[in-house]
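Worksheet for the structure shown next.
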Amino acid sequence: MKTNKGNSKKIGYFSQVFKMLHQYLLNNYAVLLVLLGAFLLSGVSAFFVTVSSETVYSFSLSDFEEGQISDRTIIAGTSIPADSDNPIEIKDGEKVIRKGFPITKEAMSKLKRMAEAPAYFDYRVFANKILYLLLLSVFAFLLFSPVLSEKPVTVKECVLLAVFFLMVYVSSCLCNRLPLFSSPYNLPILIPGAFCVLIVTLLFGQIHGIFFSFVLSFGILNADASNLIPSLFVLASCLASNRIVRKIERRIDMVFVALVLALLHIVFIVVLKVIFSSSFTDSIFSILMIALNGFMSGILALGFLTPLESILNTASVFRLMELSDLNNPIMRKMLLTASGTYNHSMMVATLAENACRAIDANPLLARVGAYYHDLGKLDQSEYFVENQTEGNKHNEINPRLSAAVIKSHVKKGVEKAHQLRLPPEVVEIISEHHGNSAISFFYNKAKELDEDAPENEYCYDGNPPSSKESAVVMLADTVEAACRTLKNPSVSRLEKFVHELIMGKFNNRQLDNSELSFRDLAVIEDSFVQILAGYYHSRIEYPNQKDPDESSSPQNAVAGHQLKATDVAKE
């Protein structure tokens, strides 16, 4: 009985693992197919490299010299007949060289004949390269998986990474066969590693840029395993490129990046020559060309960035800066048709940006997400309290309909965001800024009319925030809206009120998927209070200042208005 129970447990365990694996493959099959395609194309390149390489049983001809004592025995695996160009004949099974015996002139000629013969294919070299590429594919898959990466890789990103890897790998394989670039110090001249990493970092972030730098470096090592120098140079160049573009915010800054990269390329190649004790004779050409590679990488990255941003629809720093321009048509429309929502969004953006900067999240993404988070209020702006000037529209309809109108702004905002082709990260903030929380005001009002009112009809249909930026925008939206109702907003009252609002979201499980820690929440709370305290700080009431409502005539009202304007100007 115990054996049967043990077997059933094992079967159940394996069944559960199989189901998880099956589900994982279903969710990631597109990425895996792209990875498989890149592996197969790299394998084709490795095949042509093997065919054109001068190796015998995975050993390069440079490892053998006439007269040296052989440390291995090499047996011919196939017969190679003599021809008019080369009279040397090799028989299948012949011992070309013997371990412990000197290599003769005839044996050396036979080794060279085997390496150059079209009929000879070094399967060991090819198998080594394929196994290496297979391990590199697994390594890349793990690097870009959600376990290590800050965000899951999309299919579009995976395709671009595969194309860039093939560009670098194939260029390394081909250039290595050209006499001019056969030197390990000349090979980096034509390898576009820095260009690829600049694009990846700007489009997808620093973490992906760093991971991709290592993948490219290992790929170059596979293309030319006999030389470590090109791989080390590309790794240093790629990591430097990733670091340089960390803080840039304008496209013109890419020219500065190109100049810095050109200087760093010179430094890297000189340092490698010193480390490997290489001669500096005739190095001026290679150093200048490698510097040109760095400069052109920055310039070409600037040129290719705009079309790639449009095709991939990514939240790059340049794209976000363009979306943060308040003069764009959609923001001007919001200012004119829903001015209350516009002002609310500006304040939410200020709160979210400063909080994200304090917790090392992406402040620019939070600011843009906050600008557009209430995009769905444009259609029925008069139903939202910040835009109401002539009474509350909800007094005329029942709570159920009011909740439906309020809920709809999230869905409409997502639809408008897709029409505007906003980046997925911004759309995510729009769809998650209310999570699945309850619209408590109308739910409580509905319960007064019907004790059995279903709560799910008074909850937002979205998901809780899945990123730090999205969660910060949710908190900023809640805090900004609620603090408008706070009377006498002193610093102590603001601190208590903001703390209660944030902990309310936490207790309602709206922050579970956001990866915000308690320390982050404390920092966010302090940041909010600091901004709000400056916004709601008390003003001095001047002795001659009058309330416009107390004016007995229009002339007095105008005079009072002018007086207030003058006093404010003095402050």
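Just so you know, these numbers use all the heavy atoms, side chains as well, and skip hydrogens, waters and symmetry mates.
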Using the test side chain to side chain donor-acceptor pair (under 3.5 Å), find all partners of [X] that sit at least two apart in sequence or belong to another chain.
| X | answer |
| --- | --- |
| R243 | none |
| S514 | none |
| D526 | none |
| Q530 | none |

Any chance the side chains of [X] and [Y] put a donor and an acceptor closer than 3.5 Å?
| X | Y | answer |
| --- | --- | --- |
| E386 | T341 | yes |
| S324 | Y371 | no |
| S217 | S231 | yes |
| S527 | N354 | no |
| N222 | Y169 | yes |
| H409 | D379 | no |

Worksheet entry | Straight-line distance of M347 CE to L532 CG, nearest 0.5 Å | 5.0 Å
Fill in: Rounded distance [0.5 Å steps], CD in Q206 versus OG in S213
10.0 Å
With sequence neighbours excluded, what pairs up with [X] under the side-chain contact (heavy atoms from CB on, under 4.5 Å) test?
| X | result |
| --- | --- |
| V138 | L142 |
| D360 | none |
| D253 | I248, R250 |
| N436 | P464, Q510 |

Fill in: Residue pair S137 / L35: nearest heavy atoms and the distance that separates them
O-CD2, 3.7 Å
Response to the item:
Across all chains, not counting sequence neighbours, the ring-ring contact (aromatic ring centres under 6.0 Å, His included) partners of F144 are H208
Fill in: Results of ring-ring contact (aromatic ring centres under 6.0 Å, His included) for F256 - residues two or more places apart only
none
Discussion item. Filter on ring-ring contact (aromatic ring centres under 6.0 Å, His included), then keep only pairs touching residues 230-249, sequence neighbours left out; what's left?
Written reply: F233-H265
Worksheet entry | K468 and D520 ion-paired at < 4.0 Å | yes
Fill in: Where at least one partner belongs to residues 310-339, residue pairs that pass salt bridge (Lys or Arg N to Asp or Glu O under 4.0 Å), sequence neighbours excluded
R251-E322
Worksheet item: Counting only heavy atoms not in I275, do more than 12 sit closer than 6.0 Å to its CD1 atom?
Response: yes
